[in-house]
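Sequence lines set the chain letters: A, B, ... in the order given, protein chains first and strands last, and positions in each chain run from 1. Just so it is clear, the values below take in all heavy atoms, side chains as well, and ignore hydrogens, waters and symmetry mates.
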Number of protein chains: 2
Amino acid sequence: MARRTRGTAAGLDRARITTTAVTLIDRDGLDRFGVRRLADDLGVDPMSIYHHIKGKAALLDAVSESVLAEVTVDASSADWVAIARHTAHGYREMAYRHPRVFPLLATRAQTSPVALAALEHLTTAMREAGIPDQVVADTPSILFGFLNGHLLARTREDATPVPDFDPRTHPTMTALAPNLTDFGSTEEFDRMLDTVLKGIAQAG
Amino acid sequence: MARRTRGTAAGLDRARITTTAVTLIDRDGLDRFGVRRLADDLGVDPMSIYHHIKGKAALLDAVSESVLAEVTVDASSADWVAIARHTAHGYREMAYRHPRVFPLLATRAQTSPVALAALEHLTTAMREAGIPDQVVADTPSILFGFLNGHLLARTREDATPVPDFDPRTHPTMTALAPNLTDFGSTEEFDRMLDTVLKGIAQAG
DNA sequence: GGTGGCAAATCTACGCCGTAGAAACTACCG
DNA sequence: CGGTAGTTTCTACGGCGTAGATTTGCCACC
């Protein structure tokens, strides 16, 4: 033993790298995140990381995948609406747990086994319920389109219920403001999610 | 006159900066974009840009705003569904015109006058049609949640209809693959958009 | 014409970043 | 003990965003 001039001992592997990276992004944000800072936190030379992960882009992929893996798959055989709701809520909770990592997820293709398993589970239940194939095939795009876009907006650092506008030129939105008080709440999320699911249920 | 050692003449202003930036991102992508490269394209010293825009973050804000402004507002007084569809299509076309800029939009809060005007227009029409206030108030979040998330997925450089998975473990998605052939088409978009709008129409 | 003022544009320099390539260390096997 | 393969570190390079000082271009006014 010779090195280890920094705090944390080495014994580097993918898992330790990604979990440390997630912690670091959660704390300091994506902007301040980088290979060198991560290496500091790991108590390691920056270049050491490159023997486990190809480069910064791959590192961000790994972070994204690691956080997505926190979402547990519902193995139950409940009706498809329940499955969809369960998946959506799990996804949402992950987003709120890691608001600064979430933009990575929404921006990247998700082809991890977990994600595919969840989709297979949901679509199978829908098909068995007699939903038309085209509707079933469209559902993942619609559902995760909504989830990614909506959660991106809600977990944004500067998220506010209502941007400031002139009440004179925007009377309707002014009148609607009282209906936006539960901004970011579970109730609001459920309401919107149900709206989307209702559309799917009646499509085709 | 002394300077102008580069091709393009100066006479810098916000508009010239942002439109050049958009062109540059369209061509080379967000990763390769930076203040110095932009300055090169403008035939100008990097620091000159700072007299018109505070820094890189503000620059990206400006780019985002500039691209959003391409979406024209429908001033018609058609029914709310038609307005929603028109807005959605305009937004979608913008996204496909600038796929490499779009992630900026989806990631940022949009409080520009144009955006607010569009929302006011839509919500007013909905209210006049007798839609419950809570539903009207939720609609912007639902609609643009879907639009941002969905278009983010479709305009991604590596977007593919179906990620490769094992047909043995994912029989349903395999069976569904034929229904995904119009991936990215206007027809697919209309179908999904209508699904969302139907959910909204029947909510509350 | 001269001159003062001022905004715009530029120059210089600093501290950061990601990472290629060479070198050193470690652990294990014969 | 020597070899050898995997890991970690060292060194260095080119590029980045931008603070601060400086120069330029332009105008109004004497």
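- Spacing between atom CZ of A:R14 and atom C1' of D:dT7 amounts to 17 Å, rounded to whole angstrom units.
- Classified by interplanar angle (parallel below 30°, tilted 30° to 60°, perpendicular above 60°), the ring pair B:F146/B:F189 is parallel.
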Item to check | Under the 3.5 Å Watson-Crick or G-U criterion, the dot-bracket string of DNA chain D, with | for inter-strand pairs | outcome: ||||||||||||||||||||||||||||||
Checklist entry - What's the verdict on salt bridge (charged side-chain N to carboxylate O under 4.0 Å, His left out) for A:R127 and A:D133, showing C-alpha distance, side-chain angles and the deciding distance? => result CA-CA 7 Å; A:R127 219 154 173 244; A:D133 272 7; 2.9 Å; yes
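- Protein atom CD1 of B:I53 is 15 Å distant from nucleotide atom C1' of C:dA8, rounded to whole Å.
- Computed from coordinates, the B:L12 CG to D:dG25 C1' distance equals 15 Å when rounded to whole Å.
- Rounding to whole angstrom units, CG of residue A:L24 and P of C:dC17 are separated by 11 Å.
- Using a 4.5 Å cut-off on side-chain heavy atoms (C-beta onward), A:D182 and A:R191 make contact.
- With respect to A:R27 and A:D41, a salt bridge is recorded, a charged nitrogen being found less than 4.0 Å from a carboxylate O.
- The phosphate of D:dT8 has OP1 or OP2 within less than 4.0 Å of a side-chain N or O from A:H52.
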Checklist entry - Taking protein heavy atoms under 4.0 Å as touching, what does nucleotides 11-20 of chain D look like 5' to 3' if B marks base contact, S marks sugar-phosphate-only contact and - marks none? => result -B---BBBBB
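- Looking at A:H51, its side chain comes within 3.5 Å of the base of D:dT8 through a donor and an acceptor atom.
- Remark: P of C:dG18 and CD1 of A:I49 are 9 Å apart, rounded to the nearest angstrom.
- Ion pairing between a basic and an acidic side chain is recognised when a charged N comes within 4.0 Å of a carboxylate O; A:D190 and A:R85 show no such pairing.
- Dashed line: the shortest gap from a side-chain N or O of B:S48 to OP1 or OP2 of C:dT10 is under 4.0 Å.
- Rounded to the nearest 0.5 angstrom, A:K54 NZ and A:L59 CG are separated by 13.5 Å.
- The line from CG of B:D26 to NE2 of B:H98 is 5.5 Å long, rounded to the nearest 0.5 Å.
- Of the possible donor and acceptor atoms, none in the side chain of B:S64 sits under 3.5 Å from a partner among the backbone N and O of B:L60.
- Considering only heavy atoms from C-beta on, B:W80 comes within 4.5 Å of B:I200 through its side chain.
- Spacing between atom CG of A:L42 and atom P of D:dT9 amounts to 10 Å, rounded to whole angstrom units.
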